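Quantities reported herein were computed from a predicted structural model and do not represent experimental measurements.
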Amino acid sequence: MTPELDDAFAAIRSDHGATSLSRVERMLEPGGGEARHPRRRGARWILPGLSPTPWHDPRAHPELVSVVEALEGAHPAIKDELTSAWEMRREAFSAYEHYLTRQDDWQALHLYRGGAMVEPSAALVPTAYKVLEEFAVDAEKICPLLESHFSTLLPGASVAPHCDLWNFSINLHLAVDIPEGCSITVAGETRTWQEGRCLLFDYSFEHEARNDGDRPRTCLLLDLWHPETTLAERQALVVLITEIRRLIGANE
């Protein structure tokens, strides 16, 4: 903890109560405050007390239902606009850069990044942009530390098994364009996308994906706050991760 973090955490406790950050404090203890699931060993931070469930029912969390329903309801328009962008404006897509690697056969079109909407994408995919802005960003359900993008796996591409950095955000997929032969595996359980429907999973668990089909597979990915986190915890986690990133950047 730095003096800046100490001051920020003190201010949050003043607003939300003396014990409001107890789970964040436990997370920062050696060992993370609780035992790790074997398929979570690659994650860096595990906020204790959140349901240790790899797969979630997208409609089981009241906070997220409006996002899920808005995306699924808009799927036909989202698919049409995405198809047009892919065919006419391919240069707007770029190789996806995960925190572990860069992958040319995994293409991305970003809608939200660096804590803000990516405005040039509004003209390319206006329906997805509007739904994301209204139901996830303005409603403060998106995790501002992360992003939202169209994720396109080219035929034959795969995403190697890995854990993402933490469990306090959760990954929502809208299945936009899904050929046969595509799959996603989380904590050893393999599922397939159903076009026009959402999948929700905790990506602190080891996960992988592949496209064994004959055309690109595209999902719209949203990094949302885990619905079991509190407002105080979200505020503290933004301050914490932002400071860690600042310190890492200063030392590079």
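- Across all their heavy atoms, Ala95 and Asp104 have their closest contact at CB-OD1, 3.4 Å.
- For Glu4 and Arg246, the salt-bridge test fails: no basic side-chain N is under 4.0 Å from an acidic carboxylate O.
- Separation of atoms CG (Leu231) and CD (Glu140) is listed at 8.0 Å; rounding is to 0.5 Å.
- Looking at heavy atoms from C-beta onward, Trp225 lies in side-chain contact with Leu237 at the 4.5 angstrom threshold.
- By the criterion of side-chain heavy atoms lying less than 4.5 angstrom apart, applied directly or through intervening Ile, Leu, Val, Met, Phe, Trp or Tyr residues, Leu47 is grouped together with Leu5 in one hydrophobic cluster.
- Taking 4.5 Å as the limit, every side-chain heavy atom of Phe9 sits out of range of all side-chain heavy atoms of Ser20.
- Pairing each heavy atom of Ala128 with each of Phe150, the nearest pair is CB-CZ, 3.7 Å.
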Kindly determine whether Leu174 and Cys198 satisfy side chain to side chain contact (heavy atoms under 4.5 Å, CB included), including the steps that lead there. CA-CA 4 Å; Leu174 171 67; Cys198 288; 4.0 Å; yes

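- Glu147 CD to Leu222 CG: the interatomic distance, rounded to the nearest 0.5 Å, is 10.5 Å.
- Defined by atom type and a distance below 3.5 Å, a donor-acceptor pair is missing between the side-chain atoms of His226 and Asp202.
- Looking at Leu220, Val137, Val118 one by one, the single match for side chain to side chain contact (heavy atoms under 4.5 Å, CB included) with Leu111 turns out to be Leu220.
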I'd like to know whether Glu69 forms a side chain to side chain contact (heavy atoms under 4.5 Å, CB included) with Phe135, so could you lay out the CA-CA distance, the side-chain angles of the two residues, the decisive distance to 0.1 Å, and finally the verdict. CA-CA 10 Å; Glu69 292 184 346; Phe135 290 92; over 6 Å; no

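- Side-chain atoms of Cys182 and Trp193, non-hydrogen and from C-beta on, do get closer than 4.5 Å to each other.
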Evaluate Glu97 against Arg113 for salt bridge (charged side-chain N to carboxylate O under 4.0 Å, His left out), listing each step before the verdict. CA-CA 12 Å; Glu97 295 190 34; Arg113 199 177 196 184; 5.9 Å; no

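- Annotation for Thr192 and Leu199: closest pair O-CD1, 4.1 Å, computed over non-hydrogen atoms.
- The side-chain heavy atoms of Thr152 and Tyr96, taken from C-beta on, include no pair separated by under 4.5 Å.
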Step by step, would you call His56 with Leu64 a side chain to side chain contact (heavy atoms under 4.5 Å, CB included)? CA-CA 11 Å; His56 290 246; Leu64 303 184; over 6 Å; no

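- Looking at Met27 and Trp166, their side chains never come closer than 4.5 Å, going by heavy atoms from C-beta outward.
- Between the side chain of Arg39 and the backbone N or O of Pro54, no donor-acceptor pair lies under 3.5 Å.
- Across every non-hydrogen atom of Pro155 and Asp214, the tightest pair is CG-C, 3.8 Å.
- Between Ile241 and Phe168, some side-chain heavy-atom pair lies under the 4.5 Å cut-off.
- No continuous path of hydrophobic side-chain contacts links Val24 to Ile46 [ILVMFWY only; heavy atoms under 4.5 Å].
- Tested against Trp106, the residues Leu154, Asn211, Leu153 include a single side chain to side chain contact (heavy atoms under 4.5 Å, CB included) partner, Leu153.
- When hydrophobic clusters are built by joining Ile, Leu, Val, Met, Phe, Trp and Tyr residues whose side-chain heavy atoms come closer than 4.5 Å, directly or via intermediates, Leu82 is grouped together with Met117.
- Looking only at side-chain heavy atoms (C-beta outward), Asn167 and Arg40 come within less than 4.5 Å of each other.
- Linking Ile, Leu, Val, Met, Phe, Trp and Tyr whenever their side-chain heavy atoms come within less than 4.5 Å puts Leu124 and Val131 in one cluster.
- Using a cut-off of 4.0 Å between Lys/Arg side-chain N and Asp/Glu carboxylate O, Lys79 and Glu195 are scored as salt-bridged.
- Electrostatic pairing of Glu63 and Arg234 counts as a salt bridge here, judged by a charged N lying under 4.0 Å from a carboxylate O.
- To the nearest 0.5 Å, atom CZ of residue Phe201 and atom CG of residue Leu172 are 9.5 Å apart.
- Using a 4.0 Å cut-off between a side-chain N of Lys or Arg and a carboxylate O of Asp or Glu, Glu25 and Arg13 qualify as a salt bridge.
- The side-chain hydrogen bond (donor to acceptor under 3.5 Å, both in side chains) test with Asp177 is passed by exactly one of His75, Arg217, Arg215: Arg215.
- Using a 4.5 Å heavy-atom threshold, the side chains of Leu109 and Arg89 count as separate.
- A salt bridge is absent between Glu29 and Arg26; no separation between the charged side-chain nitrogens and carboxylate oxygens falls under 4.0 Å.
- Looking at every heavy atom in both residues, Cys219 comes nearest to Ala175 through SG-CA, 4.1 Å.
- Judged purely by atom type and a 3.5 angstrom limit, His207 uses its side chain to pair as donor or acceptor with the backbone of Phe205.
- Although no hydrogens or angles enter the test, the distance criterion places a donor-acceptor pair under 3.5 Å between the side chain of Thr230 and the main chain of Glu233.
- Atom NE2 in His173 sits 12.0 Å away from atom CG in Leu71 (nearest 0.5 Å).
- One finds the CD atom of Glu119 at 5.0 Å from the OH atom of Tyr129 (value rounded to the nearest 0.5 Å).
- Rounded to the nearest 0.5 Å, atoms OG1 (Thr218) and CD1 (Ile178) are 7.0 Å apart.
- Follow the hydrophobic side-chain contacts under 4.5 Å out from Leu28 and you reach Val238 in the same cluster.
- No side-chain N or O of Ser121 forms a donor-acceptor pair with one of Tyr112 less than 3.5 Å apart.
- The number of heavy atoms from other shown groups lying within 6.0 Å of CD (Glu189) is above 12.
- In terms of modelled atom types and a separation under 3.5 Å, the side chain of Glu243 and the main chain of Thr2 share no donor-acceptor contact.
- Residue Pro62 comes nearest to Ala60 through the heavy atom pair CD-O, 3.5 Å, listed as atom of the first residue, atom of the second, then distance.
- Using a 4.0 Å cut-off between charged nitrogen and carboxylate oxygen, Glu208 and Arg210 do not count as a salt-bridge pair.
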With side chain to side chain contact (heavy atoms under 4.5 Å, CB included) as the criterion, how do Ile78 and Val125 come out once you've worked through the C-alpha distance, each side chain's angles and the decisive distance to 0.1 Å? CA-CA 7 Å; Ile78 289 174; Val125 285; over 6 Å; no

